[in-house]
Each structure stands twice: as C-alpha cells, then as structure tokens.
Protein chains: 2
Amino acid sequence: MHRRHLVIHFLSMETRRADQIAVQLEELIFDGTFVDGQRLDEVRLAEHFGVSRTPLREALQRLALSGMVEMIPRRGAFVQQPGPVQLMEMFEVMAELEAACGRLAAMRITDSALGDLRAANAKCLAAVEARDSDSYYAENERFHRIIYQQSGNGFLEQETSKLHKRLKPFRRKQLRFRGRMAQSMAEHEAIVAALEDGDAARAEDTLRKHVAVQGEKFHILMASLKRAAE
Amino acid sequence: MHRRHLVIHFLSMETRRADQIAVQLEELIFDGTFVDGQRLDEVRLAEHFGVSRTPLREALQRLALSGMVEMIPRRGAFVQQPGPVQLMEMFEVMAELEAACGRLAAMRITDSALGDLRAANAKCLAAVEARDSDSYYAENERFHRIIYQQSGNGFLEQETSKLHKRLKPFRRKQLRFRGRMAQSMAEHEAIVAALEDGDAARAEDTLRKHVAVQGEKFHILMASLKRAAE
DNA sequence: GTCAACAATTTTGTATACAAGCCGGATCAT
DNA sequence: ATGATCCGGCTTGTATACAAAATTGTTGAC
C-alpha cells in the first residue's frame, strides 16, 4: 500500500495537471504571495497557469480539504492562514503526535535506526557550530522523520508528517531565538537516550516537551510582534 | 471560526450538489454497497445521481482525500477499505489521540462537562442493563465526544472526531464480545474519576487502554474470522 | 495453440458553454 | 438626503464537448 501510494504520487506529478497546480498553489500560499483572506480568482489563476477552470477548481478543492483554503459556496475560495489560536492548537497536537511516535518507537525502534538518529544528530550539531541554520533545519527534520517512521505505525507516520509539513513555515520563524538551537540539541540527546533505553514514558515526555516548547516560543514571538505593532 | 464552518457546511448541504453526493457516496461505501477494490464508474454514478460527471468527480476527489477512495491517474477511482494492518494502525492512533484528549481534558475540563459525562455514563449503564446496544452505542459516542471537546483544543477535537467517524463501522463489530459492554462501563468510570481528580497521567492511561482494547478485540475477531474461513 | 501487435472502444482528463446566484450601482420613494 | 429595491455584470456551479490514454478484443504470425 505504501509503495502504491508512492506510485500514485509519482504518476500524478507527471500526468495530472490539477495535482501540479495544487502543489504550486500550496507554495504560493506558503511563501506569502497570497495573503490571508485573499480571494483566489478562478479565471485569473486559470489563465496564469495556462489551464481551464476545471483542473484549477480541483486543485482549490484539494487545498480546501487540507485546510489552507476556505471555499464558501457561491462566493469563492479564500486563503485561510491559521490564526494565533489555531496555530497554538496545532502545535499542541503536533507535540502529542510526536510524543505518541516516541512512545511507540521506544518499543519498536531498530538498532540501525538508532544509528541513523545519532548520525542525524551529529550533523545537526555540526550545523549548529557552523551557524548553518539551513543545514540544521534539514537534519532536524530528518531526525524527527526517523522517529515518525520508527513508530512502526504507517498511519501515524502519515498523519504526523502531514501536520509537520503544514507547520513548517511557522516552525522556521522560532528557530532564531537565541540559544534555541543549542537547547534543542540537548533535547535531541535526551530523546535518543530514552529511545535507546526503550523507556517509552521518558521518550514520550521528552518529545512532547521538545515540540511543545516550539509552540511556546512561537507564542512569545507572536506576542512580541503584536506588542511592537501597537 | 467554528460558527463559520457550520454555516459553510449548512449552505453546502443546500447549494452544492457535489457535497451531497460526497456524503451519499460515503454512506454507500460505509454500508458495504460498494465492496473493497471496486471501481467507481463515473458515468454510471453520474447518471445514478442524475448529475454530470463534473460534480461527481469533485465528490470522488473529496473521498479520495479522506482515504476512502483511491484515485489512480488515468485509471479510475477504487473503493479502498482499510485492511487488517491499516485498521490496527488506525485503532492505535485513535488510542493515542483519545489519550491526548484525556490528558488535556484532565487539566481543562469544566464542572458542568463532568456532570455531562456522568449523565452520559448513567444512560450508558441503563442501556447495558436494558440490553439496548443501539442506545449504548449512541451514549458511548456522546461520552467520548465530550472528552474530545473538553480537551480545549478545537483542532485536536476535529482530528479526533474525523478518525472516530472513519472507524465507526469497524468499532461496532467488536461490541458484541461477551462482557465487553460491562467492562467498558467500568473503564468509563475510571476515566471519569481520573478526570475529576485532574490526574492527567491517569486520564491519559485509562483512555489509551480503553480504546486500545477495542483494537485488540477487533484483532481477535479478525483472526477468528480468518481461521473460520480456512 | 499461443503470443504479440494493432485497432476499436471505453474511460479519464481538460476545455468550453450554459445556468444560476451574488455584488454593486442606479433609480425611486419617503 | 437617505434608504430600499431592482437591474446588470460578474463569478461560481454544472453540463456538455473534445482530446488523450488505457483497456480490450481481434487478427496475424510463429
């Protein structure tokens, strides 16, 4: 089933115009080209992508179901960025999902995956010392994805990955906090240790806090931005 | 935002044909009219619903994104019932999500919600004694939904509800285990007690086990069915 | 008899055409 | 002058038409 899904995705990239458009639209919303609340005009977008309204509507509906766009019947499609409250909620769920992954992974993780985790962590550390935030970000993601996968639950891995992707643009912003990368590294070490010991409760706890703190930092960031605006 | 969503849903029920069809198709897949792996012919379904292919395709895509249908480019749409493995995975995630709801609810639940829980539980008990499995089922669902809601996290509530709904047709099957309803009732009591005490860890644990056991019972059921078939 | 290649048919994906509802401006009444 | 109402343009939702690809059946060769 996994393989089949990959094949679908692969084919769809090549064959169905609607899918390509969905991906591109997603990018345009992520990078802020379309601001929150903006109406997405079907005909304008259709001619922009050089297609008719039919595949474009399909792409919009896909985004609507993933929550990035709100489709109001007979009114149109509007960009829907999560507000501060919803964002905090999503971070909280992210923390719970990762905690669940960690709990299960503690019981199921393979030795080779533990090695991969340590390798990713080492590269992470190197990136921190090199002040290479892009590289840090990439390795950090690899670290977490290994844990999702080692939960041994494909469905959980899928759901967690989905939310991870959705939170990506927001997570990035809080990385710049002073000392955050170093602290994060220490937390990674603790997580690996817990997994190595097969200590489910500790893996769950450390992971939950590790992710939850991102949400809190983000909260602080939002508050400071809001204060600055007043 | 909640209200806005409700309005959308309400309007869509009236105005957009595609949405109604999506709901009806969902029903047809749930109740087994369309068996697993069956190809869903667009033209046949279109004329069955008395619409053109356009809204029908939109409905299919919606089901595809919710995972009930698999759309293979240039090949068609096929019913995709979760297999035993994926089902177990989904039950496991359900257990983790409900555990998360319980953990958060233990810290946030209101007194009136605690009262609602006890009320639902009482009706549950009455249903058990009356051997009224339908009523038991309804009140059981109410019980769990209250906990989702009392997590105080709208996003978590939404995601948990989504999976709950998806697992509904499978959960039902394992209710008939001898003594399961009584055991389930005892577990409910323990859950309420944990929530009442504001004991997050206990609420998390009891809820996880309460849901996980459903998956296990289901597993046993599947195994026995498989054995009977051989 | 079996396998392969090709053609015909079916089916999906996309474009265009049509219908129906919403938005804004103009007109009219108070 | 202000408010409501109605009409026209514009946008969405749906139907139909067309193009491309896949499946199936047939034919031919080995």
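Only heavy atoms go into these numbers, but all of them, side chains included; no hydrogens, no water, no symmetry mates. The chains referred to below are lettered A, B, ... by the order of the sequence lines, with proteins before strands, and numbering in each begins at 1.
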Does a donor on one side chain sit under 3.5 Å from an acceptor on the other, for A:Ser151 and A:Asn153? no
Once you round it to whole Å, what is the distance between P of D:dG13 and CG of B:Leu56? 17 Å
For A:Asp19 and C:dT14, give me the distance from atom CG to atom P, rounded to whole Å. 8 Å
Calculate the interatomic distance between A:Leu45 atom CG and D:dT11 atom P; express it in whole Å. 12 Å
Which of the following nucleotides, C:dT12, D:dA15, C:dT14, is nearest to the side chain of A:Pro55? C:dT14
Could you work out which one of D:dT12, C:dA15, D:dT14 sits closest to the side chain of A:Val51? C:dA15
Quick one: do the B:Glu58 and A:Gln61 side chains pair a donor with an acceptor below 3.5 Å? yes
What pairs of nitrogen or oxygen atoms, one from the protein and one from nucleotides 16-18 of chain D, lie under 3.5 Å apart?
| from | atom 1 | to | atom 2 | distance (Å) |
| --- | --- | --- | --- | --- |
| D:dT16 | O4 | B:Thr54 | OG1 | 3.4 |

Counting heavy atoms not belonging to A:Asp31, are there more than 12 under 6.0 Å from its CG? yes
Minimum-distance nucleotide to A:Asp41 side chain [options: D:dA15, D:dT11, D:dT14]: D:dT11
Sugar-phosphate only, base, or nothing, as touched by A:Val43 at under 4.0 Å among non-hydrogen atoms: nothing
Give B:Arg44 one of three labels, base, sugar-phosphate or nothing, depending on what nucleic acid heavy atoms sit under 4.0 Å from its own. nothing
Taking the side chain as C-beta and beyond, is there a heavy-atom pair between A:Tyr137 and A:Met181 under 4.5 Å? no
Rounded distance (Å) that lies between atom C1' of D:dT11 and atom CZ of A:Arg57: 10 Å
In whole angstroms, how far is the P atom of D:dT14 from the CD atom of B:Glu47? 18 Å
Rounded to whole Å, please give me the gap between CD in B:Gln61 and P in C:dT12. 12 Å
Can you say whether the rings of A:His210 and A:His188 are parallel (under 30°), tilted (30 to 60°) or perpendicular (over 60°)? perpendicular
Between the side chains of A:Gln158 and A:Tyr148, is a donor N or O closer than 3.5 angstrom to an acceptor N or O? no
How close or far is atom P of D:dT14 from atom CD of B:Glu42, stated in whole angstroms? 15 Å
Hey, is the side chain of A:Arg74 poking within less than 4.0 Å of OP1 or OP2 on D:dT14, counting only N and O atoms? no
Please give, in whole Å, the distance from D:dG13 P to A:Ile72 CD1? 11 Å
Taking OP1 and OP2 of C:dT14, is either one under 4.0 Å from a side-chain nitrogen or oxygen of A:Arg17? no
Picking from D:dT23, C:dG13, D:dT11, which would you name as closest to the side chain of B:Arg75? D:dT23
List the steps and the verdict of salt bridge (Lys or Arg N to Asp or Glu O under 4.0 Å) for A:Asp19 and A:Arg17. CA-CA 5 Å; A:Asp19 285 12; A:Arg17 205 78 182 79; over 6 Å; no
